[in-house]
There are 2 protein chains.
Amino acid sequence: MEDIDRKIVALLMRDGRMSYTDLGKSTGLSTSAVHQRVRRLEERGVIRGYAVVVDHEAVGLPLTAFISIKPIDPSQPDDSPDRLSGIPEIEACYSVAGDESYILKVRVGRPADLEDLLARIRSSANVTTRTTIVLSTPYENRPMTA
Amino acid sequence: MEDIDRKIVALLMRDGRMSYTDLGKSTGLSTSAVHQRVRRLEERGVIRGYAVVVDHEAVGLPLTAFISIKPIDPSQPDDSPDRLSGIPEIEACYSVAGDESYILKVRVGRPADLEDLLARIRSSANVTTRTTIVLSTPYENRPMTA
DNA sequence: ACTGAAATTCTTTTGCT
DNA sequence: AGCAAAAGAATTTCAGT
């Protein structure tokens, strides 16, 4: 990817609503040129979309946890991500190398909700779970530096 | 938090650039009313900001990993997050309950970069590390359902 | 690919209920 | 808190280089 495109992406990571006028000033291009580049980045899938960044505490989901899962029957094909995709508390699902097969990142309101969620995960996907509670988040979703 | 506010936030999670006109149509409010609510959500810190969602492969950082760290000398005060905050490859830092003290989420270009990053982490923070490589990401940053 | 300008739409402010 | 209308700014399109 090119240098100016990289800069545009980096700027949009810090402020996803930055105007093309301001992006132009920061890159030395006209608004139309920036606009065209952003459109292409979107078309090529480099830019997947735009999202609001929320305070999870304020939105009623103060409890974050990582849940590692492992199939109970390793001889069966593992379609855990599909089986779990309907559970809204699961914010992310990573297939990982190591003893366990997936790491889930989940957000709930309180410990009792986590207990309930774990039961749903175990029964939906036929897996064992290992939960790591997040106590605080020094930083998260930091923009890449470019 | 109120029901309409929750809906506005949920919509902005799916499309952070959705116009106030469209937000109004989806919530049954006028553009001004929606605008006022979004402004308050921003002031109250419920909405922290807006960001572009990028394809990390396309942007040259295809390799993701979770690195759990543990202080070598547990008697010392642990200021790892501060010490590590200058390392751009670290996208997130979570303080966690359990055997280890923090989980870092990192993104690099290739395995050799990860090796280099691990060396920097160990020397900067005086910690041992345990790395879990992400093989694929079935889903990530899914919007909360509301 | 970039520029500049015109047409359209969105944001933002203000006054009113 | 919400609505409507007006002013200002941004997006989007288009012709030209």
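All values derive from a computational prediction rather than experimental measurement. Naming: A, B, ... by sequence-line order, numbering from 1 per chain.
At most 12 heavy atoms of other shown residues, nucleotides or ligands fall within 6.0 angstrom of atom CD in E115(B).
Taken over five-pair windows at either terminus, the axes of the helix from dA1(C)-dT17(D) to dT17(C)-dA1(D) are inclined to one another by 30° (rounded to 10 degrees).
One can place CD of Q36(A) at 15 Å from P of dT11(D), the figure rounded to the nearest angstrom. Atoms CZ (R37(A)) and P (dA1(C)) sit 8 Å apart, rounded to a whole Å. Distance E2(B) CD to dA1(D) C1': 10 Å, rounded to the nearest Å.
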Write down the protein N/O and nucleotide N/O pairs, taken from nucleotides 7-14 of chain C, whose separation is under 3.5 Å; answer none if there are no such pairs.
residue : atom : partner : partner atom : Å
dT11(C) : OP2  : Y20(B)  : N            : 2.8
dT12(C) : OP2  : H35(B)  : NE2          : 3.4

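Annotation: ring pair (Phe, Tyr, Trp, His ring centres under 6.0 Å) contacts involving residues 57-97 of chain B, sequence neighbours excluded, comprise F66(A)-F66(B), F66(A)-Y94(B), Y94(A)-F66(B).
Under the 4.5 Å side-chain criterion, counting only non-hydrogen atoms from C-beta, L63(B) is in contact with I133(B). By the 4.5 Å heavy-atom criterion applied to side chains, R44(B) and D5(B) are counted as neighbours. Side-chain contact check for V54(A) versus M144(B): every heavy-atom pair is 4.5 Å or farther apart.
Here D3(A) does not pair with K7(A) in a salt bridge; the nearest charged N to carboxylate O distance is not below 4.0 Å. Ion pairing between E140(A) and R48(B) fails under the 4.0 Å rule for side-chain N and carboxylate O.
With rounding to the nearest 0.5 angstrom, the OG1 atom of T129(B) is 9.0 Å from the CD1 atom of I69(B).
Base engagement by A33(A) is indicated by at least one non-hydrogen atom pair under 4.0 Å involving a base atom.
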